[in-house]
Chemist: 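Have a look at the structure that comes next, please.
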There are 2 protein chains.
Amino acid sequence: MSDSVQMDLSASLEDYLEAIFRIVQEKSAARAKDIGKRLKVSRSSVTGALHALAQRELINYAPYDLITLTDKGRAVAEDVARRHEVLRDFFVKVLAVGREDADEAACKMEHAIPDAILDRFLDFVEFVERCPRGGSKWIKGFGYYCDNDNKTGNCEKCVELVLDEVRSRTTGKAADGRTSASLGEMKLGEKGVIVRISGTGGIRRRLLDMGATAGTLVEVERVAPFGDPIEVKIKGYHLTLRKDEAERIAVKLI
Amino acid sequence: MSDSVQMDLSASLEDYLEAIFRIVQEKSAARAKDIGKRLKVSRSSVTGALHALAQRELINYAPYDLITLTDKGRAVAEDVARRHEVLRDFFVKVLAVGREDADEAACKMEHAIPDAILDRFLDFVEFVERCPRGGSKWIKGFGYYCDNDNKTGNCEKCVELVLDEVRSRTTGKAADGRTSASLGEMKLGEKGVIVRISGTGGIRRRLLDMGATAGTLVEVERVAPFGDPIEVKIKGYHLTLRKDEAERIAVKLI
DNA sequence: GCATAATGTACGGCGTGCCGAACATTTGGT
DNA sequence: ACCAAATGTTCGGCACGCCGTACATTATGC
Ligand SMILES: [Mn+2]
Ligand SMILES: [Mn+2]
Ligand SMILES: [Mn+2]
Ligand SMILES: [Mn+2]
């Protein structure tokens, strides 16, 4: 359900690949020096890793040349980055860990987490995010529990927060009253739940491949000037859709 | 707050130490063969690791002899085991992962998790366990969410479960109506929150060292025939207390 | 263009962790 | 007591992954 790409890379090589992926995102091509700096490793170590990655056909590598990812390499790198992000989001959004610490820990643990458990982490974060609009109060109960040493009582405060949440629960409308839409109409930062996927093109395939069916949470991450393309996060994956593709996906706003 | 013992062992050596710890728990002394079987590693690899551990004074080792842990070794092993258990408990109790998978994942990730985040995991599990008596319904909401694909609606069912929980919330009495007690009076499996630590002996010190103050959750894990000694879990640590020590710790049952 | 700096690579070395084969010791059955 | 099986150790070898040094190439300023 989750993976599809497995390459059995060492933790070290996964980190090199992830670093290249990030650098390419920023600068379109990576240079050994940047990789070394990012991973706190010497230039000669980078060369060694590049050979290993090139031999596995994960990067395009010629001595002294700029480094880019092959298609296979990008797929693997995206998988690593997804593990990183799912863990980090859990640490930040559920455990209320600071972004820096969360990133550091995620980058250590991403190499050890099995797919099935990663999926659970993702599900849990989504459960927390979707249940009530705008962030669950009961998860705020945890924040209260953490911060205020409210551990002697029987968690009155946290139950109170849950009650607040339930009382204030809306009927699932967006701020402006819309209750359903197509993915193409959603605005930056809005979240929704997939209701139907009408199209028949490659997108439908891609969505099904990653297990995104009706009920799956979608979040709009980026929108280009004229609303095309639109970047969404689904199941921890970042997906770029053309406007006409996005319009074929019916969602219910939450 | 959490650690106190850090030895900078490799993941591999931590696993050897943890294995020895477990085997000694079961059989009082470990033999190389059992270690190898447990870690799926050859006998010669075990010998190598034993040298490394002996050199760090973590095990008592003489060629051909039985293997035991030094005090330092036991302390480090307990720390590894705690990381393992905190993670496993989170996977099982919060993410609803099966025990086997949870153990396997925990044993991979235990080597990569920072102390601060481990503490958060522990806090989160305790938050879930303590909030309402007998396991939080809202965490059952997550189970429901996972199992039944209840993802299209706006989580009505899970809110319903939270409401149930809030309605049925009791005032914090034990099954037989007791509401407070000393740790010495608690029965197997009961949970409570520390209210006061009267003693002045080593226990007070030990509890404070691991950050257990008023408000800390306690669970009774084992009780010897005449209620002495009593084994409790506090902050992920397993603690064995004499009856007279336990009686000096006032708790509120939950 | 050319000197010089910046960057990249090759190589040898080190530490870790694993293995199998050969050898050593202990254990257990007779 | 003795022999065989079980168990433990040593040794050489391999794969990683890192480093520093020396050397090669490329970029940059003049
Ligand atoms: Mn990493
Ligand atoms: Mn990472
Ligand atoms: Mn482990
Ligand atoms: Mn473990």
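Computed from a predicted model, the values in this text were never measured in an experiment. Protein chains get the first letters and strands the later ones, always in sequence-line order, with residue 1 at the start of each.
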Chemist: Could you work out, with salt bridge (charged side-chain N to carboxylate O under 4.0 Å, His left out) as the rule, every residue matching B:Glu231, not counting sequence neighbours?
Modeler: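 Salt bridge (charged side-chain N to carboxylate O under 4.0 Å, His left out) check on B:Glu231 returns B:Arg222.
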
Chemist: With DNA chain D as reference, determine whether B:Asp34 or A:Val46 sits nearer its 5' end, using the nearest nucleotide of each.
Modeler: B:Asp34

Chemist: Who passes side chain to side chain donor-acceptor pair (under 3.5 Å) against A:Thr47, sequence neighbours left out?
Modeler: none

Chemist: Between C:dT16 atom C1' and B:Leu9 atom CG, what is the distance in whole Å?
Modeler: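 About 13 Å, once rounded to whole Å.
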
Chemist: Are the charged groups of B:Lys108 and B:Asp103 less than 4.0 angstrom apart, N to O?
Modeler: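 Salt bridge: no.
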
Chemist: Write down the distance between OH (B:Tyr64) and C1' (D:dT9), rounded to a whole number of angstrom.
Modeler: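 In whole Å, D:dT9 C1' and B:Tyr64 OH are 5 Å from each other.
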
Chemist: Shortest non-hydrogen contact from A:Arg83 to A:Glu110?
Modeler: NE-O, 2.8 Å

Chemist: Is there a residue in residues 38-45 of chain A whose heavy atoms reach under 4.0 Å of DNA chain C, and which residues are they?
Modeler: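 Close to the strand are A:Arg43, A:Ser44.
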
Chemist: Which of residues 51-58 of chain B sit near DNA chain D, with a heavy atom under 4.0 Å from it?
Modeler: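 B:His51, in order of number.
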
Chemist: Tell me, which pairs form a salt bridge (charged side-chain N to carboxylate O under 4.0 Å, His left out) where one or both residues lie in residues 46-71 of chain B, sequence neighbours left out?
Modeler: B:Asp71-B:Arg74

Chemist: From CD1 of B:Ile67 over to C1' of C:dT26, roughly how many Å is that when rounded to an integer?
Modeler: 14 Å

Chemist: What are the residues of residues 13-25 of chain A, sorted by number, that bring a heavy atom to within less than 4.0 Å of DNA chain C?
Modeler: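 Listed by number, there are none.
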
Chemist: Applying the side-chain contact (heavy atoms from CB on, under 4.5 Å) criterion to A:Tyr16, which one of A:Ile35, A:Leu50, A:Val80 satisfies it?
Modeler: A:Ile35

Chemist: What about the rings of A:Phe90 and B:Phe121, do their centers lie closer together than 6.0 Å?
Modeler: yes

Chemist: Are B:Glu190 and B:Lys187 within salt-bridge range, i.e. N to O under 4.0 Å?
Modeler: no

Chemist: Could you state the CG-P distance from B:Asp65 to C:dA24, rounded to the nearest angstrom?
Modeler: 20 Å

Chemist: Apply salt bridge (Lys or Arg N to Asp or Glu O under 4.0 Å) to A:Asp34 and A:Lys27, showing your working.
Modeler: CA-CA 11 Å; A:Asp34 306 321; A:Lys27 317 169 57 165; 3.3 Å; yes

Chemist: By nearest atom, which of the nucleotides D:dG17, C:dT26, C:dT9 is closest to the A:Ser10 side chain?
Modeler: D:dG17

Chemist: In whole angstroms, how far is the C1' atom of D:dT9 from the CD1 atom of B:Ile35?
Modeler: 14 Å

Chemist: Can you tell whether the side chains of A:Arg22 and A:Glu85 come within less than 4.0 Å, N to carboxylate O?
Modeler: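 Salt bridge present between A:Arg22 and A:Glu85.
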
Chemist: Measuring to OP1 and OP2 of D:dT9, would you say a side-chain N or O of B:Tyr61 lies under 4.0 angstrom away?
Modeler: yes

Chemist: Mind calculating the distance between CZ (B:Arg31) and C1' (D:dA5) to the nearest angstrom?
Modeler: 13 Å

Chemist: Determine the contact category for B:Ser12: base if any of its heavy atoms lies under 4.0 Å from a base atom, sugar-phosphate if only primed atoms, P, OP1 or OP2 are that close, otherwise nothing.
Modeler: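 Touches sugar-phosphate only.
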
Chemist: Specify the separation, in whole Å, of atom CG of B:Asp8 and atom C1' of C:dG15.
Modeler: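 It works out to 15 Å between those atoms.
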
Chemist: Starting at CG of B:Leu50 and ending at P of C:dT16, how long is that distance when rounded to a whole Å?
Modeler: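 The answer, rounded to whole Å, is 16 Å.
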
Chemist: For B:Asn60, is there any backbone N or O sitting under 3.5 Å from a side-chain donor or acceptor partner on B:Thr70?
Modeler: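 Flag not set: sc B:Thr70 to bb B:Asn60 has no pair under 3.5 Å.
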
Chemist: Taking all non-hydrogen atoms of both residues, which atom of A:Cys107 and which atom of A:Asp15 are closest, and how far apart?
Modeler: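 For A:Cys107 versus A:Asp15, the nearest heavy atoms are SG-OD1, 3.7 Å.
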
